[in-house]
Protein chains: 4
Amino acid sequence: MLNRVILIGRLTRDPELRYTPAGVAVTQFTLAVDRPFTSGGSKEREADFINIVTWRQLAETCANYLRKGRLTAVEGRIQVRNYDNNEGKRVYVTEVIADNVRFLESSGGGNREEGGSSNANAGYGGGSSNRGGGSREQQDPFIDDGKPIDISDDDLPF
Amino acid sequence: MLNRVILIGRLTRDPELRYTPAGVAVTQFTLAVDRPFTSGGSKEREADFINIVTWRQLAETCANYLRKGRLTAVEGRIQVRNYDNNEGKRVYVTEVIADNVRFLESSGGGNREEGGSSNANAGYGGGSSNRGGGSREQQDPFIDDGKPIDISDDDLPF
Amino acid sequence: MLNRVILIGRLTRDPELRYTPAGVAVTQFTLAVDRPFTSGGSKEREADFINIVTWRQLAETCANYLRKGRLTAVEGRIQVRNYDNNEGKRVYVTEVIADNVRFLESSGGGNREEGGSSNANAGYGGGSSNRGGGSREQQDPFIDDGKPIDISDDDLPF
Amino acid sequence: MLNRVILIGRLTRDPELRYTPAGVAVTQFTLAVDRPFTSGGSKEREADFINIVTWRQLAETCANYLRKGRLTAVEGRIQVRNYDNNEGKRVYVTEVIADNVRFLESSGGGNREEGGSSNANAGYGGGSSNRGGGSREQQDPFIDDGKPIDISDDDLPF
DNA sequence: TTTT
DNA sequence: TTTT
């Protein structure tokens, strides 16, 4: 009936872009979301590692501009898939299907692998527009203003 | 950093109340949340089955008043636990830790097991106040007004 | 950047459907959302009265099926408009622009004006399809199943 | 019943800290939240300017560390107050009462008034602990790690 | 101007 | 393993 999730956290690694056999772009990444407390006596801050999936144009934009370590806001819904693994056991997978992603940090801010970002973008961008279709020409949105970026998907079923 | 979930769906079965060795009440149930679309050519409405966990006073109230089939709103955060199963394989479990639950349907409305509700309440309520501590005397909130109920936990870590 | 609101409350009166000069449907209603506490010594439950605006197809469906007193979930974003009133003073108006509305109560449940619903629907529905265009033929969704209804707008700017 | 808001935007000015006659800290600020589209033919990005109110410890922390222009996430609920103005007319005020605020930018990042931040903090901090009570000694959380800060209120009524 |  |  109603299923809404909003998360802010950091990517645990660079996003992974793939294509379905029909050529639809899918990007997956994991968000580390710090818990609002420390458990037990531990001074260590714990986090939940939450799998995010994006589709189509949003997938391509995420693949182009998100990188490991970036602070990111994600809006979407929880989806629970299940499949039978190779031992015939049913496995349940919970993911957040994002329909709105906000890049809260420009390439310069707090990213440990400086300079890697624009290089990787070119690679991803080139590949995607050749294979997946639907990818408009994009510029690195961080180049001219340093402002966070807003992107949404078109809200189609997936 | 920020982790917020809001769901509306129906319980797939009666909630299960347990107690930790330290006597803390924990209630679990599953919410069936209809997806906003039908996939492929199917006319069948699909749902996500999302596991909900509540603690302490909120756990007792949920065990007392929620029943299979009831339309319910849940507010909380996504938590990902992992443990090693008996084959030494790491298993990941995703749950929503609820801190706010709203009962959107009184016992009369759309429930197939009419009258079962107040009976079960007594059973649960008696058990919980003996074992778990912290349970104040409660009346069936549906008796006198038929209004939805609001309950929240105290927001402590768990 | 990100602006998300989720409310559950009851309509303070029947929704009002209008049309812009260009023929676009707009429906407004107010949601009474009980506060999670009682202020001061008062036993009275207070509420916030929050103005909701819906557009186009969602507006027509809300006008057709929502009625005073109905428990309703609304998802949307906060919008702040301002205009200069007839004394030349700037007035600020805050509304929630809904893109998703869930009817949590069928016509039978908790509505004091029994039977008024289907009558009013016909009136609204007839008027709207004549004037506004874009309104598909609709049946009362409560007739055959008594399930809550899900409706969303098409996510266009407004 | 349920009333949840999540916003990400930038402060339009420095926050304002006041105290009630009873000595309770209240901080107000306005968040500029860019709309997800541009209206009409305009290339200008529009924003909603949303008033935020925080209470007690959260108020003091916001006053200490938030500054004009900072990217900030706010979680809370919509509240509608009304009062009669000096012409005897009823005025309605809509605000977001925040119970959770996340500072998404450290003092260095994207702030146009460089260096102003730590100075102002000291001023506010000193004042608040003298007048308001309840303010624990705090360090500038940005000094040692550059990570965003998480703060919540104690969830009491206000 | 407010709902249950 | 699922609800209406």
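Just so it is clear: chains get the letters A, B, ... in the order the sequence lines come, proteins before strands, and each one is counted from 1. Quantities reported herein were computed from a predicted structural model and do not represent experimental measurements. The analysis underlying the following values was restricted to heavy atoms, covering all of them including side chains, and did not include hydrogens, waters or symmetry mates.
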S.K.: Between F:dT2 atom P and B:D14 atom CG, what is the distance in whole Å?
M.R.: 17 Å
S.K.: Roughly how many Å is it from NZ in C:K68 to C1' in E:dT3, rounded to a whole number?
M.R.: 8 Å
S.K.: Given atom CD1 of B:I52 and atom P of F:dT2, what is their separation to the nearest angstrom?
M.R.: 17 Å
S.K.: Indicate yes or no for a side-chain donor-acceptor contact from B:N3 to the backbone of B:I78 under 3.5 Å, with no hydrogens or angles considered.
M.R.: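 Yes; at least one donor-acceptor contact below 3.5 Å.
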S.K.: Do B:D99 and B:R56 sit within salt-bridge range, that is, some charged N less than 4.0 Å from a carboxylate O?
M.R.: no
S.K.: Please pick, from F:dT1, E:dT3, E:dT2, the nucleotide with the shortest atom-to-atom distance to any side-chain atom of C:T30.
M.R.: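 Of F:dT1, E:dT3, E:dT2, E:dT2 is nearest to the side chain of C:T30.
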S.K.: Return the value, rounded to whole Å, for the distance between atom CG of C:L11 and atom P of E:dT3.
M.R.: 11 Å
S.K.: With respect to the phosphate group of F:dT1, does any side-chain polar atom (N or O) of A:R90 fall under 4.0 Å of OP1 or OP2?
M.R.: yes
S.K.: Provide the closest heavy-atom pair for C:R10 versus C:L71 in the form atom of the first, atom of the second, distance.
M.R.: NH1-N, 3.6 Å
S.K.: Rounded to whole angstrom units, what separation is found between the CZ atom of B:R10 and the C1' atom of F:dT4?
M.R.: 4 Å
S.K.: Mind calculating the distance between CZ (B:F29) and C1' (F:dT3) to the nearest angstrom?
M.R.: 13 Å
S.K.: Expressed as a whole number of angstroms, how long is the span from C:D34:CG to E:dT4:C1'?
M.R.: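 Atom CG in C:D34 sits about 7 Å away from atom C1' in E:dT4.
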S.K.: From C-beta outward on D:Y92, which listed nucleotide comes closest to its side chain: E:dT2, F:dT3, E:dT3?
M.R.: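 Looking only at heavy atoms from C-beta outward on D:Y92, the closest nucleotide is E:dT2.
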S.K.: Do C:L31 and C:L11 come within less than 4.5 Å of each other through their side chains, counting heavy atoms only?
M.R.: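 The answer is yes; the side chains approach within 4.5 Å.
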S.K.: Tell me which nucleotide among F:dT4, E:dT3, F:dT2 gets nearest to the side chain of B:T12.
M.R.: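 Output: F:dT2.
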S.K.: For the pair made of CZ in B:R70 and C1' in F:dT4, what is the distance, rounded to whole Å?
M.R.: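 Whole-Å distance recorded here is 13 Å.
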